[in-house]
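First comes the structure, then the notes that go with it.
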Amino acid sequence: MSDLETRRLIEAATQARERASAPFSKFLVGAALLAPDGRIITGCNCESASYGLTMCAERVAIFKAISEGVTKAVRVAIVVDTNEPTPPCGACRQWLWEFGGDVEVVLANLGGELARHRMSDLLPFAFDARSLGG
Ligand code: THU
């Protein structure tokens, strides 16, 4: 990923993070997916008073992308205001794998990029459509 593309994706995720609705955890997360056609689709975490119905930023971005006709992510950025990189949760790793395959995931904070991982490192030996056979 070029530095310019990385910065664009991180900036989009940072802006989405500002729209996070996280009154219970106060842990604001922004995510941005790069589509094959160059479009950027963002998401923020959306918390429910029931806690369990909360939806993570990454999955909001994926569901938004699907609803807008985007079928695949080619890169992902996740922005959280932490000193250390914050990795995506297990449920989001599953969705990111199924939606993007072995894409690069850039983890950043408000100061910029902190770490890059490939999805195959974040979710080795994953279950996906191939596991269903056929
Ligand atoms: N969260 C995300 O948005 N993405 C993750 O991958 C991990 C957790 C959100 C969910 C909840 O609103 C808050 O962070 C605290 O768990």
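Remember, it's 1-based here, ligands and their atoms both numbered in the order they're listed. We count residues from 1, following the sequence as given.
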Euclidean distance, Q94 CD relative to I62 CD1, rounded to 0.5 Å: 10.0 Å
Rounded to the nearest 0.5 Å, how far does SG of C46 lie from CZ of R59? 11.0 Å
Side-chain donor/acceptor of E58 to backbone N/O of I78, under 3.5 Å: no
Report the nearest protein non-hydrogen atom to [atom]: residue, atom name, distance rounded to 0.1 Å.
| atom | result |
| --- | --- |
| atom 3 (O) of ligand 1 | A57 N, 2.9 Å |
| atom 11 (C) of ligand 1 | E47 OE2, 3.3 Å |
| atom 8 (C) of ligand 1 | C56 SG, 3.8 Å |
| atom 14 (O) of ligand 1 | F27 CD2, 3.4 Å |

Is the shortest side-chain N to carboxylate O distance from E104 to R75 below 4.0 Å? no
Identified side chain to side chain donor-acceptor pair (under 3.5 Å) counterpart of Q15 within the set R17, E11, E18: E11
Tell me every residue that passes ring pair (Phe, Tyr, Trp, His ring centres under 6.0 Å) with F127, counting only those two or more places apart in sequence or in another chain. none
Below 4.0 angstrom from a heavy atom of [X], which ligand 1 atoms are there? Numbered from 1 as shown, please.
| X | answer |
| --- | --- |
| E58 | 2 (C), 3 (O), 4 (N), 5 (C), 6 (O) |
| T54 | 10 (C), 11 (C), 12 (O) |
| N45 | 3 (O), 9 (C), 11 (C), 12 (O), 13 (C), 14 (O) |
| P88 | 6 (O) |

Side chains of D102 and S120: any donor to acceptor distance under 3.5 Å? yes
Will you find, in the side chains of T6 and E113, an N or O donor that is under 3.5 Å from an N or O acceptor? no
With heavy atoms under 4.0 Å as the rule, classify the contact between S25 and ligand 1 as side chain, backbone, both or neither. side chain
C89 N/O to ligand 1 N/O under 3.5 Å: yes
Counting only heavy atoms on the protein side, is anything nearer than 4.0 Å to atom 16 (O) of ligand 1? no
